[in-house]
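In this text, all values refer to a predicted model and were calculated from it rather than measured experimentally. Only heavy atoms go into these numbers, but all of them, side chains included; no hydrogens, no water, no symmetry mates. Numbering of ligands and ligand atoms starts at 1, following listing order.
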Amino acid sequence: MDLLLGGTLTTVITLSAIVYYLGHNPKVQKRMVQELDDVLGSDRDSNITIDQVIKLEYTDAIFKEASRLFPTIPVNLRTNAEPNEIAGYKFPAKTQFFIDVERIHRSPDYWTDPDTFNPDRWLNKSDTKMYSSYYQFGGGARECPGKKMALAEVKTLIALLYRNYDIELVDKVSPFNYNYDFINIVQGLEIKIKPRN
Ligand code: HEM
C-alpha cells in the first residue's frame, strides 16, 4: 500500500511540473525532443526500452531541475534519537526537525542562479555540493526506495508524450498554481496538445 500511495501522486505531480517548465522554456523542450528522436529512433510506435530511458541524459536533467524548483514534497521531517548540538544550539532527544526542502533547493549557497530553470547544471556531474543538496527523494536510511523507478517512469511518460505530440501551455503568463497538503498538489494546468508532424 505504501508503494502504491507513495508512488502515484508524487509521480504525476513531478510530471506536471516538468510540463509546466517545458512550456515556459521552448528551447529546452526542443532540445529534449531532439534527444528523444536521437535515442528512440524514427519509429514513434516502437516500444521504449529501459536502456534507452537510461540514455536520456538531458531528459533526466530536466526531471531533476523541475523537481529542484518545484519539489513534490517541499518539507521533510526527522527526529533525533539522542541529544544533539547543531551550530551552537542544543536540542534534547526526540526533537522534531522540519527540513525546508524548497529553501535548500533555492539556496544561493548551493546553486548558481538558484531561481533559474537550467537543466544544464545537472550535466556537470563533478559538482558534488549541488548533488548532495538535492532532496526531492529525501536522504539517508529512509530515502525514497522508489527513486529509480520514479525517474524511469516519468522519463518514459515524457518520452511517450513528447515524441508523439506538440505540447504547449494554454496560459503562459500565470504563475504555477498549486496547493500544499503535505504534498504540493498542482491545480488546473491546461495544455494544448496536437500530433507532431
Ligand atoms: C517523483 C516521485 C516520487 C517522489 C518525489 C518521492 C518522494 C519521497 C520522499 C521525499 C520520501 C521520504 C524520504 C525521506 O524521508 O528521506 C519518500 C518515501 C517513500 N517513497 Fe517515494 N517518491 C516518489 C516515488 C515513489 C515511488 C515510485 C515509490 C514506489 C514504487 C515510492 C515509495 C516510497 C516509500 C515506500 C517511501 C517510504 C520509505 C521509508 O519510510 O523508509 N516513492 N518518497
Side-chain angles (χ1 to χ4, degrees), residues 1-25 28-29 32 36 48-82 84 86 91 93-107 110-111 114 117-119 121-122 128-162 167 176-187 189 191:
M1 193 48 110
D2 275 2
L3 293 181
L4 266 182
L5 291 178
T8 44
L9 193 54
T10 46
T11 308
V12 172
I13 292 163
T14 307
L15 180 64
S16 307
I18 293 172
V19 169
Y20 172 84
Y21 282 106
L22 288 176
H24 282 274
N25 294 274
V28 173
Q29 179 163 325
M32 183 195 76
L36 297 178
I48 298 174
T49 66
I50 190 66
D51 288 341
Q52 287 171 324
V53 171
I54 291 165
K55 280 192 195 138
L56 295 172
E57 284 197 354
Y58 191 59
T59 310
D60 201 272
I62 291 168
F63 177 111
K64 290 181 177 132
E65 186 64 350
S67 56
R68 178 183 72 80
L69 288 172
F70 187 76
T72 314
I73 302 177
V75 176
N76 206 330
L77 301 171
R78 286 292 187 267
T79 308
N80 56 345
E82 293 169 10
N84 292 102
I86 304 170
F91 297 96
K94 297 192 181 157
T95 303
Q96 196 162 56
F97 293 88
F98 285 73
I99 304 171
D100 187 344
V101 177
E102 211 158 1
R103 183 75 60 96
I104 294 169
H105 278 189
R106 287 183 185 248
S107 166
Y110 312 121
W111 314 89
F117 177 77
N118 173 20
R121 72 173 84 238
W122 293 98
T128 48
K129 190 167 75 171
M130 189 184 87
Y131 272 87
S132 58
S133 312
Y134 174 66
Y135 214 71
Q136 156 88 344
F137 293 103
R142 302 303 292 264
E143 185 185 51
C144 174
K147 179 178 166 177
K148 284 195 175 158
M149 184 176 163
L151 259 162
E153 218 178 323
V154 172
K155 283 168 71 182
T156 305
L157 287 168
I158 288 286
L160 284 168
L161 277 173
Y162 284 84
I167 297 176
F176 204 12
N177 188 8
Y178 62 93
N179 287 338
Y180 173 67
D181 188 3
F182 183 66
I183 294 184
N184 277 334
I185 314 247
V186 178
Q187 307 287 319
L189 182 70
I191 53 168

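Under 4.0 Å from ligand 1, heavy atoms of Thr10 appear from its side chain as well as its backbone. If you look at Asn76 next to ligand 1, the close heavy atoms, those under 4.0 Å, all belong to the side chain.
Which parts of ligand 1 touch Gly138 is read off a 4.0 Å heavy-atom cut-off, strictly below it: atoms 10 (C), 13 (C), 14 (C), 16 (O). Within ligand 1, counting atoms from 1 as listed, the ones closer than 4.0 Å to a heavy atom of Pro145 are 19 (C), 20 (N), 33 (C), 34 (C), 35 (C), 36 (C), 38 (C). Remark: ligand 1 atoms within the under-4.0 Å shell around heavy atoms of Ala150 are 1 (C), 2 (C), 24 (C). For ligand 1, the atoms lying closer than 4.0 Å to a non-hydrogen atom of Met149 are 30 (C). Within the listing of ligand 1, atoms 16 (O) sit less than 4.0 angstrom from a heavy atom of Glu143. Ligand-side atoms of ligand 1 in range of Gly139: 16 (O), range being under 4.0 angstrom from any heavy atom.
A distance-only check finds no donor-acceptor pair linking the side chain of Ser107 to the backbone of Arg103 [under 3.5 Å]. Put simply, the side chain of Asp181 never gets that close to the backbone of Ile183: no donor and acceptor are under 3.5 Å apart. With hydrogens and angles ignored, the 3.5 Å screen pairs no side-chain donor or acceptor of Asn25 with any backbone N or O of Val28.
Not a single heavy atom of Lys147 lies less than 4.0 angstrom from ligand 1.
Ligand 1 has a nitrogen or oxygen under 3.5 angstrom from a nitrogen or oxygen of Arg78. Geometrically, ligand 1 and Thr11 share no nitrogen or oxygen pair separated by less than 3.5 Å.
The side-chain heavy atoms of Asn184 and Thr72, taken from C-beta on, include no pair separated by under 4.5 Å.
Salt-bridge formation is detected for the pair Lys64/Asp60: a Lys NZ or Arg NE/NH1/NH2 atom is positioned less than 4.0 Å from an Asp or Glu carboxylate oxygen.
Judged as a ring pair (Phe, Tyr, Trp, His ring centres under 6.0 Å), and not counting sequence neighbours, the contacts of Tyr178 are Phe70.
Taking the six-membered ring for Trp, Tyr131 and Trp122 have ring centres closer than 6.0 Å.
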Listed pairs under 3.5 Å, donor-acceptor, residues 137-147 side chains, sequence neighbours left out:
residue, atom, partner, partner atom, Å
Glu143, OE2, Lys147, NZ, 3.3

